Structure formats: structure tokens, C-alpha cells
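Below is one structure; the comments refer to it alone.
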Number of protein chains: 2
Amino acid sequence: MTTDCNRCPLRKLPAFVEFNRNDLSFMQKFKSGELTIDPKTPLLMEGSNSPQLFTSLRGMGLRYKTLEDGQRQVINFVFPGDFIGMQAAVMGEMCHSVEATTSMTLCVFNRSEFWNFFKENPERAFDLTWLSAVEEHFLGEALTSIGQRTAMQAMSWAFVRIFLRGQSLGMVENAVMPLPYKQQDIADALGLSLVHTNKTLAKLRDLQLASWSDGVLQINDLEALAEIAHTSSDPLPERPLI
Amino acid sequence: MTTDCNRCPLRKLPAFVEFNRNDLSFMQKFKSGELTIDPKTPLLMEGSNSPQLFTSLRGMGLRYKTLEDGQRQVINFVFPGDFIGMQAAVMGEMCHSVEATTSMTLCVFNRSEFWNFFKENPERAFDLTWLSAVEEHFLGEALTSIGQRTAMQAMSWAFVRIFLRGQSLGMVENAVMPLPYKQQDIADALGLSLVHTNKTLAKLRDLQLASWSDGVLQINDLEALAEIAHTSSDPLPERPLI
DNA sequence: CGTGTCCTTGAAGCGCATCAATGTTGGTGG
DNA sequence: CCACCAACATTGATGCGCTTCAAGGACACG
């Protein structure tokens, strides 16, 4: 049996706006099942037109684009609570791929119901637009990071973002959170080579600012990292959960 | 007097999805006036919470973010038909600035009406989400460009994008279109230095692929540019006009 | 004419990519 | 139990693409 939205473990996290009773029943109706996938399983492919939408319930993944010459740009990391597949739902096809990094459990929605959000539930439709706008915001920041910041600054920025994300999801304990990616993933996210990524990580470790190994990220000085990156270390605002 | 939406010059362009009678009257009701601004006038500032939304009717502008150390990242170029200010409308504050490059005329909407899109006109609400998703798509591509492509590839990509945009807006004649920006603007968009931007432009000119000077862009070989950048040169899909 | 803005070009140096080799860990089969 | 292999992390050496610095040219404007 699938998880009842009533008991969804994500709902009580500080990251998300509270559900009311109406939202609950509406979402429950929308939900069509649950999916569990293994690490490295592709969930959506660039150019695909999947009939399904997902919300990540557990585990982590990657969004990325690949160029014809094999280069890969990681667009974002997928955390619990992320809504996946809106591009396909709106534009008819995905313009990036999504794959699992760890084992993941996903809430599955039927795309044919997507339109009902707009027709029957303007609040939820607004939430969708909100999510889209937040993602746009994030990508603007990422663009700024890659375009204008040095490797040190970019990595500091990335760690601050990731850590704040982790905090809002209750994944942080004693300034430590799980981050089960490979160095190549971060390298592809920041537009750096694997080697330089490794050396930059070593520098951050030497400076006692942050250390990341064995899939665990430890932040020793969030403020200092934020200052290096010229970014804010304020907690993230609550976001709607779809 | 302001332009009647009935006679809006943008409507008949191939870039946009056709309006029906309902849309027209709805939009006309939503419209609260027109604004004309001079070059270099800031329209929206990062962090601001403007009560107004805009659609660009004429002229060109820039979206950009600035870092505390003075670096600037150009997020996108503003062309006629672009909807401006959705982030503030949805999230409560802009996360990038917008300013005019040429003189611009803008259609002004009242933000307090924004919610009516969702409440009264689900089709238009969907269009808003569509626009947001397209912008997200674009930023993903831009990220890939800056992160993975060389200067030559990135600039080829940018010219292809800009040219296709110009074509859909009827700005291209004999493979030539107006592009009234400065080299510094493109440099900040692609994360390159002014000097290297200049040299890359010279190279594209020498190779007879594209030349851009005096605010005019001439594309000599669109296919070759697209190939260099590993990108598509297909015409853009129609988009909704808000 | 002087001044400001933008474009252009050469020279020098650095940040990062690339190449190459080695270390570490976990899994697999003999 | 050890030999072997694959995947990932680490580290040094070399070189290129880009940034930075610097100077001059072209043009518009008061």
C-alpha cells in the first residue's frame, strides 16, 4: 500500500508550508501510486514526454543535461520534497534528465490530472507557479556562481545552499549532513574539472571551513563560507509541497 | 491613450500563440497603463517588491544580478513580448534587476490583479506557469553554456539563441537584426572578460560565421554556429503572450 | 578641442584543465 | 584467504584558455 498523504513524513518538516484539510484530500486524489528505484536509475530523460509526475519522498538524485560531445552539466540536486517533471507537463517534453543517486522513493502523479490543478484548485496552481519561480531564482544564482565566481567561491556557495537545504529538511545534526554524491557530480554542477574540484575541497578542508568525504558533509563555519561566496546564509523560506 | 490590446502589434507575430476574444477582454481589464522609459533606466531592482508587472512592447533591456564585489551576471536579454516581474508577484521580491538598454515601452499591469489569473482564468494561469517553465529551460541551457562550453562555443550558442528569438519576432531581414547591446553586456552574460569577448567576436567575424558591430548582428552561417555550439537551430515554438 | 564612452589590440600571468600515476576501498571469484 | 578488478579519491607536472593590465583608436557630445 502507498503512503497516506495524511502520514506523509515530509509534511511536518519546517521546509514546507502547512497543508490544510482540503489540500490533503485534493492531493490524495491526485496521487496515483508510489515508485521505488535503485541508484543510477534514470527517472526522466531529456526529450522524453513522460505521462507521470513525481514528488521525491526519500533519497537523492540529480538533474542534468548532456551535450553531444559527452559533457555533462548538473543542473541541480534532487532532495526529498522536490517536484519532478513539471517541464514535461507544461511544455510537452523534458529539457533535462533526472536520475537517482541513492535509492529513491517517489510519489507518482498522473499527468492527465495536471490540468485539474488549474481548473479546480487555483491555490495549488499558484503553488506550482511558485515552485517554478523558485527554481528560476535558483538557476539565476547558479548562473552567477559559475559565471562570476572562482572555484573557491563557487564551491562555498554550493555548500551553503546545500547545507541550508539540508537544515530545512531536518537532515543536519551537529553541523553534519549526508551528501551521497561523487566529486564528479559537484564538478559537473560547478563547471569545474574533477581534479580541480578535488583540490578545492582539500583547500576548504585545510582552512577548516567544510569537509566532505564518504558521502558526509560537515560545515565548520557557515558564515565564513557565505562570506567567501558573497551570499546569504539565512534559512530558506517555507515552500509548498506538491 | 494606451494601446488597445486589440491593436497590439505583438499579437500578429509568429512568436505568439493566438489570442481569442475572451483573452483579449481579460487582458484589457488587467492592463492598467503604459510606461515609456529611457535607456539605462532601472525598471525593477533586486530585492524590490514592485506593485507592478510589465510586458515589454517595444525596445530591449537586460536582466542581471550583481554580487557584492561589483561583478555582474547578465541573466537574460529582454525582448518585446517578455513578461517582467513574475518573481516579485509570486515570491514577494525580485531576485534580479531589470533595466532598459534602449528606450522601452511597457504594458503595465497591477499586481493586485495577479491572483485573478489563477482564480478566474485557469488558461492564463497555465500560460504563466508555461512562461516560467520556459525561462527555467532557458536558464538550464545557459548554465550548460557557461559551465561546459568554451568561449567560442558559448558565443555561438548565444548568437543562435538571439537570432532565433529575433526571427520569431520579425526583427530579422536578410540575416541581419538589431542587437543594441554593448560587448560588456555579452561578456557579463557569458561569464567572459570584455577583452576575450572582443577577441572571440573577431574570430567569429574572421571565420565568416557572424559579425556584430554598431548594434547590428549579422548571421552568415546559422547551421555552422549551431554545430559549433552543439545546439539546435530549429525555430522557437510559439509562446503565450501575457 | 577636450572629455567620456566604447571598441580594439598586444603582452604577461594565473586559474584552471588535462595528463598521468598512485592510493584506497569494496566486491568477486578462484 | 588472497588475487584481481572496478570505481573513486588523491596528488604532481605541464600547458592552455582565459583574465588582467595597459595603451591607443574611433566616435559622439558639449
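These numbers were taken from a predicted model, which means no experiment stands behind them. Residue numbering restarts at 1 for every chain, and letters A, B, ... go by the order of the sequence lines.
- Rounded to whole angstrom, the span from the NE2 atom of B/His196 across to the P atom of D/dC16 amounts to 15 Å.
- Among C/dT8, C/dA17, C/dC7, the nucleotide with an atom closest to any side-chain atom of B/Arg205 is C/dT8.
- At a threshold of 4.0 Å, the pair B/Asp206-B/Lys199 does not count as salt-bridged, since none of the basic side-chain nitrogens sits closer than that to a carboxylate oxygen.
- A side-chain hydrogen bond (donor to acceptor under 3.5 Å, both in side chains) with A/Gln183 is found for one member of A/Asp188, A/Thr197, A/Asn198 and no other, namely A/Asn198.
- Side-chain contact check for A/Gln87 versus B/Glu136: some heavy-atom pair is nearer than 4.5 Å.
- Summarising the geometry, the separation between CD on B/Gln71 and C1' on D/dT19 is reported as 11 Å, rounded to the nearest angstrom.
- No side-chain heavy atom of A/Gln153 sits under 4.5 Å from any side-chain heavy atom of A/Thr231.
- Which of C/dT9, D/dG12, D/dT10 sits closest to the side chain of A/Lys199 comes down to D/dG12.
- Counting only N and O atoms by type, the side chains of B/Arg111 and B/Asn49 include a donor and acceptor under 3.5 Å apart.
- Checked for salt-bridge contact, B/Asp82 and B/Arg165 meet the test: a charged N lies under 4.0 Å from a carboxylate O.
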Under 3.5 Å, which N/O atoms of the protein pair with N/O atoms of nucleotides 19-24 of chain C?
none

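- Between the CD atom of B/Gln148 and the P atom of C/dC16 there is a distance of 15 Å, rounded to whole Å.
- Contact annotation: the side chain of B/Ile162 approaches that of B/Phe79 to within less than 4.5 Å [non-hydrogen atoms, C-beta and beyond].
- When heavy atoms are screened at a 4.0 angstrom cut-off, B/Ala151 is found touching the sugar-phosphate backbone but no base atom.
- Mapped onto DNA chain C by nearest heavy atom, A/Gly191 and B/Tyr181 fall at different nucleotides, with B/Tyr181 at the one closer to the 5' end.
- Side-chain contact between B/Leu62 and B/Arg72: present, with at least one pair of heavy atoms (C-beta onward) separated by less than 4.5 Å.
- Proximity of A/Gln184 to the phosphate of D/dA7: no side-chain N or O atom is located under 4.0 Å from OP1 or OP2.
- Listed nucleotides C/dT9, D/dC18, C/dC16 differ in distance to B/Asn198; the shortest reach to its side chain belongs to C/dT9.
- A salt bridge links B/Lys65 with B/Glu46; the closest basic N to acidic carboxylate O contact falls under 4.0 Å.
- Residue B/Thr150 is classed as a sugar-phosphate contact, given heavy-atom separations below 4.0 Å to backbone atoms only.
- End-to-end axis angle of the helix from C/dC1-D/dG30 to C/dG30-D/dC1, using five pairs per end and rounding to 10°, comes to 30°.
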